[in-house]
Every structure is written in structure tokens, then in C-alpha cells.
Amino acid sequence: MAERRAYGEGIFRRRFRMRGEPGRVRADMEDDFHRFGLVLEHDGETVTGVKGYASRHPWTECPGAVVPLNKLVGMRLSTRFAATSDHTNPRENCTHLFDVAGLAVSHAAAGREQRQYDISVPDRIEGRTRASLHRDGELFLAWELDGIQITGPERHAGVRLLGSKFLRWAESELDADTAEAAVALRRASFIAMGRARNLDDAPSALVYMDMAGGSCHSFTPGIAEKAMRVMGSTHDFTESADPLLADLEN
């Protein structure tokens, strides 16, 4: 594992990979802080099964978030990325595993064989950065960001990366394919700021409850108290994205 770069000198990277076959989608995600994945089964119209797993995670309670995914069984397949939110409360789930589930559902609905997103967000300098998303090896989206606002390109300038408002904008202004990519890039743009913190300094999730309480499974009251820090679980992929999901090649 590469030595962790000081904030301001590094790049946050996140990779999603979805592989579909008849009746089944394997979806995986890895970034500096997480390595999650799932297998989604379907009958061509509805979800018939979901099995999630957490290989690398920041808190000891994160693997428990595979359980709420079972509420997706029975939902109709949809290319609308946020459709999963109609069937289970995102805040009861792991934010990142839930994103993987949304991508798996839309992948199954579209009948695609494979799709890969590669996202990079350099550390912000004076609040500014350029976040980019490559889809299947080709640049698909790139935003100039100032804080939580898109300043470029012009067609997206002025849009703020605020949860529900951003989702409504994406669904109303973008086609389904672009909206999916935009939501993935928006999430990574926020998570990238986590590089400014050394999570190993926090013995448990309780340290961040004032900031993140109620936002996800591990930050739920009653669970956060048991969510101990998994020391050394943060990686640094500044030098190269090649190690991301490398275990899938074996």
C-alpha cells in the first residue's frame, strides 16, 4: 500500500464496475476508504435477491449494512438511479453499498454486459478542484468545483452538490445515463474531502456523530456506539488507479 499523501498533495480515486449476465449483476466499488460489492439477482423485471459484502470498511459495524439491502427484493428494475430509495431508507443503509445497489439495478434494467466508472478528485486547493469521471475508459463528465458548487462547464455552472436538490436537478435536466454518472461523481466529490482527516485518530464513529449522525447505518444511534475504527483501512491511490478492484482480475 502506498504511503498516505498529505492533504493537498493527493488524489481521491473511486472505481465502480458492473458486470451483467442473464438474471444476475455483479457490482463492485473501491476507493480510498471502502471496498464493497454485491450480487443482484433478477427475473428480467424485478429484483429477486441481493447479497452484499464489505471487504474493507472504516468502521466495524459497516458489514451490518448488507441486511437492509434485502428490502430491495421485489422492486421493479429501473434505469432511474434513485429508484432504490423508494424501497428502503438510504439512511438505514451504508451510503456507498447503497450506491452500488442503485448501479446494479439500473445496469440490470438496461440489460448491459459491462460498465465501469473511474472517478478522480484531486485534493482541493483553496476550496477548488476539478472532478472527473471516465466511463469505460472515456472521459464522460468533468466539473470545476468551488466548495460544493459547480463552476464549469457552463451548462452545469451554478448547480450545488446538495443531496435532494441535486437529485431533482439531475433527474429533471439530464438523461438517465448522464444522471447516473452525475450522481456518482457528486458523491465522490464529497467523499474526497475525507482525505483531509486521519480516521485512525477516531476510536469510534461517535467522534463524528455531530457531523454525520443519522446519515447511514454506522452513524445510527445505537449502532455508532459499537462502530469501532478499523485501523489502517484507508488506502491511497494517488499514484495510480490500477490497484482499484484488482482482486477481480484474479
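You'll find the ring centres of His217 and Trp59 outside the 6.0 Å limit.
Under the ring-ring contact (aromatic ring centres under 6.0 Å, His included) criterion, His34 pairs with Phe36, His96, not counting sequence neighbours.
In terms of hydrophobic clustering, with Ile, Leu, Val, Met, Phe, Trp and Tyr side chains grouped at heavy-atom distances under 4.5 Å, Tyr53 and Val25 are assigned to different clusters. In the hydrophobic clustering of this structure, Ile223 does not group with Val67; members are Ile, Leu, Val, Met, Phe, Trp, Tyr whose side-chain heavy atoms approach within less than 4.5 Å, directly or through other members. Note: the hydrophobic cluster containing Leu40 does not contain Leu248 (ILVMFWY, side chain heavy atoms under 4.5 Å, direct or indirect links). No path of Ile, Leu, Val, Met, Phe, Trp and Tyr side chains, each step under 4.5 Å between heavy atoms, connects Val121 with Leu245, placing them in separate hydrophobic clusters. Follow the hydrophobic side-chain contacts under 4.5 Å out from Phe33 and you reach Met211 in the same cluster.
A distance of 9.5 Å separates OG1 in Thr84 from CG in Leu69, rounded to the nearest 0.5 Å. Here the CZ-NE2 distance, from Phe81 to His107, works out to 14.0 Å after rounding to the nearest 0.5 Å. One finds the CG atom of Leu145 at 7.5 Å from the CG atom of Leu185 (value rounded to the nearest 0.5 Å). Taking CG of Asp118 as the reference point, atom CG of Asp136 lies at 9.0 Å (rounded to 0.5 Å). Rounding to the nearest 0.5 Å gives a distance of 8.0 Å between CZ of Phe16 and CG of Asp31. Separating the CZ atom in Phe98 from the CG atom in Leu38 is a distance of 11.0 Å, to the nearest 0.5 Å.
Looking at Asp177 and Arg112, a side-chain N of the basic residue comes within less than 4.0 Å of a carboxylate O on the acidic one, giving a salt bridge. Between Glu41 and Arg24 there is no salt bridge, since no side-chain nitrogen of the basic residue lies less than 4.0 Å from a carboxylate oxygen of the acidic one.
Residue Tyr117 forms a side-chain contact (heavy atoms from CB on, under 4.5 Å) with just one option from Met29, His134, Met18, and that option is Met18. Under the salt bridge (Lys or Arg N to Asp or Glu O under 4.0 Å) test applied with Asp28, the options Arg35, Arg115, Arg56 reduce to a single match, Arg35.
A donor-acceptor pair is defined here as one N or O able to donate and one able to accept, closer than 3.5 Å; such a pair exists between the side chain of Glu225 and the backbone of Gly222. Checking side-chain atoms of Thr46 against main-chain N and O of Gly74 turns up no donor-acceptor pair under 3.5 Å. A donor-acceptor pair under 3.5 Å is absent between the side-chain atoms of Thr129 and the main chain of Ile125, judged by distance alone. Remark: side-chain polar atoms of Tyr7 are paired, donor with acceptor, to backbone N or O of Arg124 under 3.5 angstrom. Side-chain N or O atoms of Arg135 include none that pairs as donor or acceptor with a backbone N or O of Phe140 at under 3.5 Å. In this structure, Arg13 contributes its side chain and Asp32 its backbone to no donor-acceptor pair below 3.5 Å. In terms of modelled atom types and a separation under 3.5 Å, the side chain of Arg19 and the main chain of Arg26 share no donor-acceptor contact. Between the side chain of Thr79 and the backbone N or O of Ala109 there is no donor-acceptor pair closer than 3.5 Å.
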- Taking it one step at a time, do Phe190 and Ile148 satisfy side chain to side chain contact (heavy atoms under 4.5 Å, CB included)? CA-CA 8 Å; Phe190 271 106; Ile148 61 169; 3.7 Å; yes
- Dump the intermediate steps for side chain to side chain contact (heavy atoms under 4.5 Å, CB included) on Arg80 and Glu171, then the final yes or no. CA-CA 8 Å; Arg80 177 173 161 260; Glu171 290 194 329; 2.8 Å; yes
- Task: Evaluate side chain to side chain contact (heavy atoms under 4.5 Å, CB included) for Leu174 paired with His156, printing each intermediate quantity in order.
- Result: CA-CA 10 Å; Leu174 307 174; His156 295 164; 4.0 Å; yes
- Please walk me through it: do Met209 and Phe219 pass side chain to side chain contact (heavy atoms under 4.5 Å, CB included)? CA-CA 7 Å; Met209 281 295 279; Phe219 285 100; 3.8 Å; yes
- Message: What verdict does the salt bridge (Lys or Arg N to Asp or Glu O under 4.0 Å) test give for Asp123 and Arg5, after you've listed the backbone C-alpha separation in whole Å, the side-chain angles of each residue and the deciding distance to 0.1 Å?
- Response: CA-CA 10 Å; Asp123 295 341; Arg5 297 281 192 95; over 6 Å; no
- Item | Check against salt bridge (Lys or Arg N to Asp or Glu O under 4.0 Å), Arg229 and Asp200 | CA-CA 7 Å; Arg229 169 63 179 162; Asp200 284 352; 2.7 Å; yes
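When every heavy atom of Ala202 is checked against every heavy atom of Tyr208, the shortest pair comes out as CB-CE1, 3.7 Å. When all heavy atoms of Pro58 and Ser233 are compared, the pair lying nearest together is CA-OG, 3.8 Å. Between Ile150 and Gly152 the shortest heavy-atom distance is CG2-O, 3.3 Å. What you find for Val47 and Val50 is that their closest heavy atoms are CG1-CG2, 3.7 Å. Closest non-hydrogen pair, Pro63 versus His57, comes out as CG-NE2, 3.4 Å. For Ala179 against Ala170, the heavy-atom pair with the smallest separation is CB-O, 3.6 Å.
Contact annotation: the side chain of Arg15 never approaches that of Phe237 to less than 4.5 Å [non-hydrogen atoms, C-beta and beyond]. In this structure the side chain of Thr95 never reaches within 4.5 angstrom of the side chain of Ser215, judged on heavy atoms.
Annotation: Glu21, atom CD; neighbour count of heavy atoms from other residues, nucleotides and ligands within 6.0 Å is above 12.
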